[in-house]
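Read through the structure below, which is laid out as structure tokens, and then see the notes.
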Amino acid sequence: MIEKLTSKVSLNISGRNINRFIRKLKTNKIDILEIKYKNKNEANITIYKRDYEKINKIKSIYDITELDVYGMLKIKRNINKNMHLIIIIILCFLFFLTLTNMIFNIEIIHSNKEIRNLLKEELAKNGIKKYSFKKSYKEISKIKEIILNKYKDKIEWLEIESEGTKYTVRVEERKIPKKEENNTPRNIIAKKPGVIKKVIAEKGEIVKDMDDYVEKGDLIITGDLIFNGKLTGQVRAEGHVYAEIWYITKTEYPLAISKEVKTGKKKDIYTIKFLKHSFELTLKKFKTKKIKERTILKHRLLPITLNRQSEEETKVIEEVLTYDEAISRAKEESIKEIKRKLSKDEYIIRSNYLKSTVNNSTIVVEMFFAVYEDITDFAEIG
């Protein structure tokens, strides 16, 4: 392979007694890789490019004409000759690559405009917005965790799904009953559908039994005081309602997990960056690395920069999961996702694995959860 890439030159040599000149070349330690005699006064030879200057110095009365070049020298000449075409091809490729890795639409599915706007702003802060580049599975998981931790009092559950050049964001709002100090009569109603498991009534009368199924908005503790079938007064109902709630979750998990480990090798190089694509000005590249970058030159109009990078080589250790292992880990992630939205007095009653599908080297696992959850909500008595 190295021999094929070595620069060589094919020459036509003409003059009286060509053999004498050939002997002279050998005396000067010039390697003749190939020789074809056309007649006694003319021959074609192939030599290494490094010996070309030597021949020009000792040619004397002989005429020497370059016929062709080979190896790296030919590659370089072809590149120079077709530079404009190569640049156009590279730019077209980069443009296509940019478009296929860019997000053109973000759909946030929720009825509350305030929640949609909040999520839109937070996603943008974390790099998920129109005309931004797609994030990796690890980056998406980190962004979800940041948002959920930041808005524990507003968001119960968050999912970000990539569909081509679009992100679909699904969210469930956490509604925490606000403590009110007025004495306006009210009822306690169901915040969401479920089967009642426990009712604590500090004020008001319980109108539902244990294991009753309720829909969102159903009355559970009334603030009306009834005696002998007549309304005798009204109070501000106080208490809590716990019910069994059901969820079906979809969790993605990669079938192969990569981990980067430093090898100890370091070097400094220069790079040209176009948009988010970087081209290293070096022949020996680290396959994987950690980098620290500093911009040296920047174009005022075009998204192109010259940078200096300090690189540390890393090696990637890959853990390839079996189908069953990936399902098991996706189940664990699903359970963590549900637990993250529960308060300390809420818990998972049971969970069931439903099904799984493989999608672009990731497995998507659907799980059913029955959760013991506070469904207390309030409605003032009009």
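Side-chain contact of Thr288 with Thr314: a donor-acceptor pair under 3.5 Å is present, judged by distance alone. There is a side-chain donor-acceptor pair under 3.5 Å between Asp345 and Tyr242. Under the 3.5 Å distance criterion, with hydrogens and angles disregarded, no donor-acceptor pair is assigned to the side chains of Asp218 and Tyr213. Side chains of Thr46 and Tyr70: no donor on one and acceptor on the other come within 3.5 Å. Under the 3.5 Å distance criterion, with hydrogens and angles disregarded, a donor-acceptor pair is assigned to the side chains of Glu313 and Thr263.
A salt bridge is absent between Glu159 and Lys250: the closest approach of a Lys/Arg side-chain nitrogen to an acidic carboxylate oxygen does not fall below 4.0 angstrom. Salt bridge present: Glu161 and Arg170 bring a charged side-chain N and a carboxylate O closer than 4.0 Å. Residues Glu139 and Lys142 are not paired through a salt bridge, judged by the lack of any N-O separation under 4.0 Å between the basic side chain and the carboxylate. Checked for salt-bridge contact, Asp377 and Lys216 miss the test: no charged N lies under 4.0 Å from a carboxylate O. A salt bridge links Lys262 with Glu312: at least one charged nitrogen is closer than 4.0 Å to a carboxylate oxygen. In this structure, Glu319 pairs ionically with Arg329, as a charged nitrogen and a carboxylate oxygen lie closer than 4.0 Å. Comment: Lys339 does not engage Glu346 in a salt bridge, judged by the lack of any side-chain N to carboxylate O separation of less than 4.0 angstrom. Lys166 and Glu107 are joined by a salt bridge, as a carboxylate oxygen and a charged side-chain nitrogen come within less than 4.0 angstrom of each other. Taking the charged nitrogens against the carboxylate oxygens, Arg350 and Glu244 do have a contact shorter than 4.0 Å, which makes a salt bridge.
Centroid-to-centroid, the aromatic rings of Phe369 and Tyr247 stay 6.0 Å apart or farther.
Both Ile375 and Phe378 are members of a single hydrophobic cluster when ILVMFWY side chains are connected at heavy-atom separations under 4.5 Å. Linking Ile, Leu, Val, Met, Phe, Trp and Tyr whenever their side-chain heavy atoms come within less than 4.5 Å puts Ile32 and Ile55 in one cluster. In the hydrophobic cluster analysis, where Ile, Leu, Val, Met, Phe, Trp and Tyr join through side-chain heavy atoms closer than 4.5 angstrom, Tyr52 is grouped together with Ile30. Under a hydrophobic-cluster definition in which Ile, Leu, Val, Met, Phe, Trp and Tyr are linked whenever side-chain heavy atoms come within less than 4.5 Å, directly or via other members, Ile64 and Ile22 are assigned to the same cluster. Cluster annotation: Leu354 and Ile338 are assigned to distinct hydrophobic clusters (Ile/Leu/Val/Met/Phe/Trp/Tyr, side-chain heavy-atom contacts under 4.5 Å, transitive).
Scanning all heavy atoms of the two residues, the minimum distance from Gly127 to Lys135 falls at O-CE, 3.4 Å. A pairwise comparison of heavy atoms in Glu293 and Thr271 identifies OE2-OG1, 3.8 Å as the closest pair. The shortest heavy-atom contact between Tyr270 and Leu306 is CB-CD1, 4.5 Å. When all heavy atoms of Asn41 and Asn17 are compared, the pair lying nearest together is OD1-N, 3.1 Å.
Between the side chain of Ser328 and the backbone N or O of Asp324, no donor-acceptor pair lies under 3.5 Å. Judged by distance alone, the side chain of Arg294 and the main-chain N or O of Gln309 form no donor-acceptor pair under 3.5 Å. Within the 3.5 Å criterion, the main-chain N or O of Asn307 finds no donor-acceptor partner in the side chain of Thr305. Side-chain atoms of Asn117 do not come within 3.5 Å of backbone N or O of Glu114 as any donor-acceptor pair. For the pair Lys198 (side chain) and Ala243 (backbone), a donor-acceptor distance under 3.5 Å is absent. Arg236 places a side-chain N or O within 3.5 Å of a backbone atom of Thr184 that can act as its donor or acceptor partner.
For the pair Val358 and Tyr323, the minimum side-chain heavy-atom distance is below 4.5 Å. In this structure the side chain of Thr251 never reaches within 4.5 angstrom of the side chain of Val364, judged on heavy atoms. Residues Ile143 and Ile128 meet the side-chain proximity criterion, which asks for heavy atoms closer than 4.5 Å. Side chains of Thr376 and Ile221 form no contact here, defined as non-hydrogen atoms less than 4.5 Å apart. The shortest distance between side-chain heavy atoms of Thr322 and Glu325 falls below 4.5 Å. A heavy-atom distance below 4.5 Å is found between the side chains of Val199 and Ile220. When side chains are defined from C-beta on, Leu255 does not count as touching Val320, because their heavy atoms never get closer than 4.5 Å. Counting heavy atoms from C-beta on, the side chains of Leu123 and Lys129 never come closer than 4.5 Å.
Each of Val207, Val235, Ile206 was scored for a side-chain contact (heavy atoms from CB on, under 4.5 Å) with Thr222, with one residue passing: Val207. For the pairing with Glu122, the side-chain contact (heavy atoms from CB on, under 4.5 Å) check across Ile147, Leu158, Ile146, Ile155 returns one residue only, Ile147. Under the side chain to side chain donor-acceptor pair (under 3.5 Å) rule, Asn12 has a single partner from Glu42, Lys38, Lys36, which is Glu42.
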Pair Tyr372-Lys197, side-chain contact (heavy atoms from CB on, under 4.5 Å): steps then yes or no = CA-CA 8 Å; Tyr372 181 83; Lys197 292 299 177 184; 3.8 Å; yes
Can you check side-chain contact (heavy atoms from CB on, under 4.5 Å) on Ile269 and Lys267, steps first, answer last?
-> CA-CA 7 Å; Ile269 66 163; Lys267 67 177 179 179; 3.9 Å; yes
Run the numbers on Ile348 and Ile335 for side-chain contact (heavy atoms from CB on, under 4.5 Å), then give the verdict.
-> CA-CA 8 Å; Ile348 297 172; Ile335 292 169; 4.0 Å; yes
For Leu11 and Leu67, run side-chain contact (heavy atoms from CB on, under 4.5 Å): C-alpha distance rounded to whole Å, both residues' side-chain angles, the deciding distance at 0.1 Å, then the answer.
-> CA-CA 5 Å; Leu11 304 173; Leu67 300 176; 5.8 Å; no
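Cation-pi check for Lys331 over Tyr353 is met; the charged atom lies under 6.0 angstrom from the ring centroid and within 45 degrees of its normal.
Under a cut-off of 6.0 angstrom, the local environment of NZ in Lys208 is crowded, with over 12 non-hydrogen atoms contributed by other residues, nucleotides or ligands. Atom NZ of Lys125 sits in a crowded spot, with more than 12 heavy atoms from other residues, nucleotides or ligands closer than 6.0 Å. The number of heavy-atom neighbours closer than 6.0 Å to OH of Tyr37, taken from other residues, nucleotides and ligands shown, is above 12.
Using cut-offs of 30° and 60° for the angle between ring planes, the Tyr137 and Tyr253 rings count as perpendicular.
Here CZ of Arg16 is found 7.5 Å from CD1 of Ile61. Values are rounded to the nearest 0.5 Å. Rounding to the nearest 0.5 Å places NZ of Lys266 at 9.0 Å from OG of Ser310. Rounding to the nearest 0.5 Å gives a distance of 8.5 Å between CD of Gln234 and CD1 of Ile226.
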